[in-house]
Amino acid sequence: MAIQTIAVPDIGGSADVEVIEVCVAVGDTIELEQSLVVLETDKASMEVPATVAGKITKLSVKEGDKVSEGSILVEVETAGAAAAAAPAAEKPAPVAEKPAAAPAPVAAASTTASSEQSVAVPDIGGAENVDVIELCVKVGDEVAEGDSLIVLETDKASMEVPAPFAGKVVSLSVVEGGKVSQGTVIAVLSTNVSPSAAISAAPTAQASPAPAQAAAPAAPVSAPAGDQNLVVPDLGGTEGAEVIEVCVKAGDSISEGDSLIVLETDKASMEIPAAFSGKIKSLSVKEGDKLSAGDVIGVIAAEGQVVAAPVAAAAATAPAAAAPASTTASAPATVKSAPAAESAATAGFGDSVYAGPAVRKLGRQLGVDLSKVKGSGPRGRLTKDDVRIYVKTIVNDVQTGKISASSGSGIPAMPAVDFSKFGPIEMLKMSKIKKITAANMQRNWLNIPHVTQWDDADITDLEAFRASMKAEGEKRGVKLTPVPFLLKAVAAALRTEPSFNVSMHHDGEHIVQKDYVHIGMAVDTPNGLVVPVIRDVDKKGLWELAAEATAIAKKARDGKLLPAEMQGGCFTISSLGAMGGNGFTPIVNGPEVAILGVSRAQMKPIWNGKDFEPRNMLPLSLSYDHRAINGGDAGRFFTYLTAVIADIRKLLL
């Protein structure tokens with residue numbers, strides 16, 4: 001056993017950097033590259049990884065401490081040099097080729113040699129002329145093993161190319177917007193490595209057997225038919241990759257190469273393609289599961305067919321370790337899936353967020369909607385620091401009271417009050433409908449700039465006509481209430497003044513003009529307020545509307561409304577006539593832009609030019625979204641509406 005210390009690496013010249021998180025404790029067993037502490041400057045936060053594996057014996061820092069480059073962080077008890085050399089003994093081939101060189105690493109283990117080594121684009125699944133969309137480093141930067149050097153992007157995915165060893169960037173051979181392929185040199189790194197490390201870093205291709213024997217012509221083979229297991233291919237040694245998306249379901253017919261699931265590690269996302277064409281019989285995984293190479297994803301009823309076998313040709317350029325897999329029945333899947341596993345990150349799953357997989361995972365862990373985060377990287381690409389700064393800003397705003405966690409932006413939360421101090425109380429649980437209504441009302445009130453106008457509609461003649469139709473209604477079994485007249489009048493007004501039959505588009509730059517007239521009707525139920533929607537009101541007669549309004553109101557009170565029956569409204573009518581009152585200010589039911597409030601009708605003396613006469617007047621309140629509707633539009637809408645209510649014959653014009 002040996003004790004080694006791990007110190008703060010080069011942090012760009014920063015001094016007295018704050019330790020904001022200690023990720024390990026004394027007694028913990030750590031792995032290489034595992035995060036030890038998180039440091040934070042006024043510009044960025046950074047994780048300091050372990051440079052050795054072993055057991056933590058001492059912690060030299062705590063949260064809140066200030067550290068600089070070279071400050072000791074932890075002491076680690078490692079297995080020692082003998083254990084570290086054990087893996088090398090398992091690979092006799094390189095030793096057999098150079099027996100004289102074997103003792104050299106041991107003799108020179110304590111010395112180092114500075115060397116410059118080229119870094120090339122690794123296997124990227126056969127893609128050629130891939131765009132370089134971001135340079136993550138510049139000449140002179142110090143990089144650790146695994147740090148991203150550049151980001152490549154194809155039409156299907158983006159991928160980060162990591163540094164294969166630690167060192168200093170001597171030169172860069174690519175620029176943003178350039179094109180690269182597998183083997184293209186992208187940078188030269190100067191690194192201080194021990195001779196043993198230099199030998200171990202030699203390309204594995206030099207130890208691979210000559211591929212000449214694989215050049216024999218490949219005969220066509222038959223793809224498997226019948227039930228076949230779909231398995232996770234080689235993930236490059238990664239274990240426990242998380243399933244973040246399941247792209248198919250049982251019963252789906254798929255083609256070879258179609259994506260089955262998407263896996264994600266802390267460095268990459270990868271789509272796992274189907275090895276066969278056929279029909280999915282069953283799936284064994286779900287989102288959130290952890291998978292490794294060889295795990296079964298599901299079972300497919302494969303469609304057998306004769307295909308040209310690419311295995312032999314592919315094996316010619318594959319590393320020696322991949323050779324045994326080429327002889328199995330699932331070899332085509334392994335060959336095809338490997339590039340997908342090596343693709344470092346998809347640009348996004350059907351969304352417009354421009355971020356790598358590590359940033360997306362951080363966003364999911366912190367519950368951040370990445371579409372609301374402004375990217376500081378090239379071409380607006382999101383970085384981890386962007387997400388952390390976004391979260392830190394929100395947390396600070398909540399803690400300082402600038403933003404309430406339960407209210408709208410900038411609105412202080414209501415203080416908690418102990419009402420039991422003033423007398424007996426009872427806590428009544430709100431129904432789901434009431435909670436949804438409360439949330440919708442608050443959202444609509446906070447987001448929609450309301451304006452309300454009032455007017456009275458003369459319904460004297462309308463009520464006389466309605467009374468004359470009472471006998472006809474009894475024959476039909478339908479009661480003709482004022483509601484169908486209001487529905488018809490509003491529908492006619494929406495057609496005459498189409499500026500009310502719109503919605504604001506969520507992008508804030510467009511208005512959606514609707515060519516249909518569906519009107520919501522607020523209904524008070526024992527469980528709370530609901531708004532069922534009557535469709536195509538402009539195309540229906542009074543009797544039909546009367547019957548439909550009665551039926552849907554009963555359905556609402558019985559709690560039998562379907563979600564689809566409360567969607568798609570263009571306008572809402574809320575009537576409090578039965579409850580009384582002279583007027584109120586209804587809240588617009590977004591994404592609609594207007595709502596009509598109806599109060600109790602009263603007999604009022606109206607001047608007719610010669611004298612006052614009693615008229616039955618109906619108070620109306622029109623609230624509208626001032627972003628979409630101006631006062632002139634509202635005036636014309638209201639004038640037409642009251643006119644057709646006063647003289648229903650105008651509905652025929």
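Starting from 1, each residue takes its place in the sequence as its number. Both backbone and side-chain heavy atoms feed into the values below; hydrogens, waters and symmetry mates do not.
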* Asked: How about Q34 and D28: do any of their side-chain heavy atoms sit closer than 4.5 Å?
  -> no

* **Pair S431-N527, side-chain donor/acceptor within less than 3.5 Å** => no

* Asked: Once the angle between the rings of H505 and H510 is folded into 0 to 90°, is it parallel (under 30°), tilted (30 to 60°) or perpendicular (over 60°)?
  -> perpendicular

* To do: Apply the test side chain to side chain contact (heavy atoms under 4.5 Å, CB included) to residues V151 and C136: give CA-CA distance (whole Å), side-chain angles for both, the deciding distance (0.1 Å), then the verdict.
  => CA-CA 7 Å; V151 182; C136 305; 3.7 Å; yes

* Roughly how far apart are E176 CD and D131 CG, rounded to 0.5 Å? -> 11.0 Å

* So which pairs with a foot in residues 50-62 pass side-chain hydrogen bond (donor to acceptor under 3.5 Å, both in side chains), sequence neighbours left out? -> K62-D65

Mind listing the side-chain donor-acceptor pairs of residues 420-430 below 3.5 Å, one per line with the distance, residues two or more places apart or on another chain?
residue, atom, partner, partner atom, Å
S420, OG, D418, OD1, 2.5

* Counting N and O atoms only, with roles assigned by atom type, does the side chain of S190 sit under 3.5 Å from a partner on the main chain of V170, one being a donor and the other an acceptor? -> no

* With the side chain counted from C-beta on, respond yes when V137 and D147 share a heavy-atom pair under 4.5 Å apart, and no when they do not. => no

* Flag side-chain contact, heavy atom, 4.5 Å: I244 against R360 -> no

* **All side chain to side chain donor-acceptor pair (under 3.5 Å) counterparts of S148, not counting sequence neighbours** => E160

* **Nearest heavy atoms of V161 and P122, plus distance in Å** => CG1-CD, 3.8 Å

* Asked: Rounded to the nearest 0.5 Å, how far apart are NZ of K168 and CG of L189?
  -> 12.0 Å

* Asked: Any side-chain heavy-atom pair from R443 and N440 closer than 4.5 angstrom?
  -> yes

* Under 6.0 Å from the CD atom of Q365, do we count more than 12 heavy atoms belonging to anything else shown? -> yes

* Considering only heavy atoms from C-beta outward, does the side chain of L39 approach that of I20 to under 4.5 Å? -> no

* How long is the span from the CD1 atom in I30 to the CD1 atom in I56, to the nearest 0.5 Å? -> 4.0 Å

* Structure fact -> Nearest heavy-atom approach of A163 to A144 is CB-O, 3.8 Å

* Asked: Looking at A53 and T78, what are the two nearest heavy atoms and their distance?
  -> O-CG2, 3.4 Å

* To do: Determine whether V121 and S181 make a side-chain contact, defined as any pair of heavy atoms from C-beta on separated by less than 4.5 Å.
  => no

* Asked: Given T383 and D386, is the side-chain hydrogen bond (donor to acceptor under 3.5 Å, both in side chains) satisfied, shown in steps?
  -> CA-CA 5 Å; T383 66; D386 295 332; 3.1 Å; yes

* Between atom CG of L36 and atom CD1 of I6, what is the distance when rounded to the nearest 0.5 Å? -> 5.0 Å

* Carefully, step by step, assess V232 and I297 under the rule side chain to side chain contact (heavy atoms under 4.5 Å, CB included). => CA-CA 7 Å; V232 178; I297 299 171; 3.8 Å; yes

* **side chain to side chain contact (heavy atoms under 4.5 Å, CB included) assessment of L291 paired with I261** => CA-CA 11 Å; L291 300 180; I261 59 174; 3.7 Å; yes

* Nearest 0.5 Å, what's the CG-CD1 distance between L152 and I133? -> 8.0 Å

* **Residue pair V8, S68: steps toward the side chain to side chain contact (heavy atoms under 4.5 Å, CB included) verdict** => CA-CA 7 Å; V8 177; S68 304; over 6 Å; no

* S371 and D369: side-chain donor and acceptor closer than 3.5 Å? -> yes

* **Contacts of K138 that satisfy salt bridge (Lys or Arg N to Asp or Glu O under 4.0 Å) - sequence neighbours left out** => D141

* **Distance-minimising heavy-atom pair for K290 and D295** => O-OD2, 4.2 Å

* Would a 4.5 Å heavy-atom cut-off, applied to side chains only, mark N444 and N589 as touching? -> yes

* Asked: Which pairs count as salt bridge (charged side-chain N to carboxylate O under 4.0 Å, His left out) when at least one residue sits in residues 180-191, sequence neighbours excluded?
  -> none

* To do: Check A7 against I72 and note the closest heavy-atom contact, atom names and distance.
  => CB-CD1, 4.1 Å

* side-chain hydrogen bond (donor to acceptor under 3.5 Å, both in side chains) partners of residues 15-24, not counting sequence neighbours, each pair once -> none

* Interatomic spacing from CD1 in I186 to OG in S173 - rounded to 0.5 Å -> 8.5 Å

* Heavy atoms, side chains only, cut-off 4.5 Å: are I448 and R627 in contact? -> yes

* Structure fact -> All heavy atoms of V180 vs all of V132, minimum pair found to be CG1-CG2, 3.9 Å

